[in-house]
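I have placed the structure first, in the form of structure tokens, so that the comments after it can refer back to it.
All figures in this text were calculated on a predicted structure; none of them were measured in a lab.
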Amino acid sequence: MPELNTISIKGFKSISSIEVKLGAINVVIGPNGSGKSNFIGVFSFLHSIREGHLQDYVIKAGGADKVLHFGTKITNNLQIHIKFEDERNQYRINLQPTDADELVPESEWVYFWDKRNYSEPYKEGIARIGKEASISAPSSKKVANYVREHLDRWRLYHFHDTSSSSPMKKTMDINDNRYLRPDGSNLAAFLYFLREKHNTSYSLIRRTVQRVAPFFDDFQLEPQQLNSEKIRLEWKHKGSEAYFDASALSDGTLRFIALATLFLQPIHYQPSVILVDEPELGLHPYAITLLTSLIRQASVNIQVIISTQSSILLDHFQPEDVLVADRVDGGTQFTRLDPVKLDGWLQDYSLGQLWEKNELGGRPGAE
């Protein structure tokens, strides 16, 4: 059963008001500016709230006026309501702007619903801590603690940065291996940990990378000789004793290594919900095809939410996996594809072809 059942959002960036039901796989498509990234970004916003970094998030975004839908003159309240584990637990937060262009929690609620014995959920209000949300602080309240733990297990990943200053290419702390970090900044340390403690998963990652990069033999993962607490991502070329660092990899290969590690890591290290914005960026079509197989395999145990601009990636999913983002009256709206309505079309065309033909929506158009 998927971890997340429903998310309702009101007043966040391009999103005026939506309620989205989520499945095991959720592929979000739509034109540029439709709100795909803002939908994925809501989970980053929730993570900041959970970590007690609400004010930092708002400052980096440019103030409350930039976070609220069409600014504070149009929107004076931001609401998020999430339901998970078959609605057994829920979390709702309402935020309001201040005169200082901040966002502060106006109310927070946690819910527990024993559907076998009660017709509606038990609801418990929790008070904010200063300007931060109460859900960010340890609490003796059982329901709040349970919700907090689940929020901590949903992670948004960005492996877009493959520049010379990419965190994936830098020297890392060798013991930074509790989980794969969202920007891949501990990729070498995490792979080293898997090789030493979970060799079956490590070997699967290695063989999968070889399918995309036939020249790749293995990772060269060892503590640095002059500082045994540090490690860098290095690799060996087939048929050679020489080894290279991550800067010798193409951008697409480095991103694929990070994605393969994310989806093929041992189950008990995986987040319960994985979110990735445009995972196909820079990948060869064959690598995209292989990536979709990894996503489908991982979705047996976890929930996956991705946004994409790739018709090739879309071709490998089912209509019921797809959420179409469109701008309607200046705001983002989502529609899940209906396999029954598309059955006739899919006799002759793939999902990607139908999207390109503008039969699915999610294409640029006049508002």
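- The six-membered or imidazole ring of Y269 lies near that of F193, with a centre-to-centre distance under 6.0 Å.
- When side chains are defined from C-beta on, D277 does not count as touching L275, because their heavy atoms never get closer than 4.5 Å.
- A 4.5 Å side-chain heavy-atom check between V110 and Y146 finds every atom pair outside the cut-off.
- Each of F112, Y91, W154 was scored for a ring pair (Phe, Tyr, Trp, His ring centres under 6.0 Å) with F84, with one residue passing: W154.
- D348 and Q353 are not linked by any side-chain donor-acceptor pair at a separation below 3.5 angstrom, with hydrogens and angles left out of the test.
- Both tests hold for R155 against Y179: distance to the six-membered ring centre under 6.0 Å, angle to the ring axis within 45°.
- Legend: residues meeting salt bridge (charged side-chain N to carboxylate O under 4.0 Å, His left out) with K230, ordered by chain and number and at least two apart, are D173.
- Within a 6.0 Å radius of NZ in K66, other residues, nucleotides and ligands contribute 12 heavy atoms or fewer.
- Not counting sequence neighbours, the partners of F159 by the ring pair (Phe, Tyr, Trp, His ring centres under 6.0 Å) test are Y157.
- I74 belongs to a hydrophobic cluster whose other members, connected by ILVMFWY side-chain contacts under 4.5 Å either directly or through intermediates, are F70.
- For the residue pair D161 and S166, no side-chain donor N or O sits within less than 3.5 Å of a side-chain acceptor on the partner.
- Proximity of Q265 to L262: side-chain heavy atoms (C-beta onward) are separated by under 4.5 Å at one or more points.
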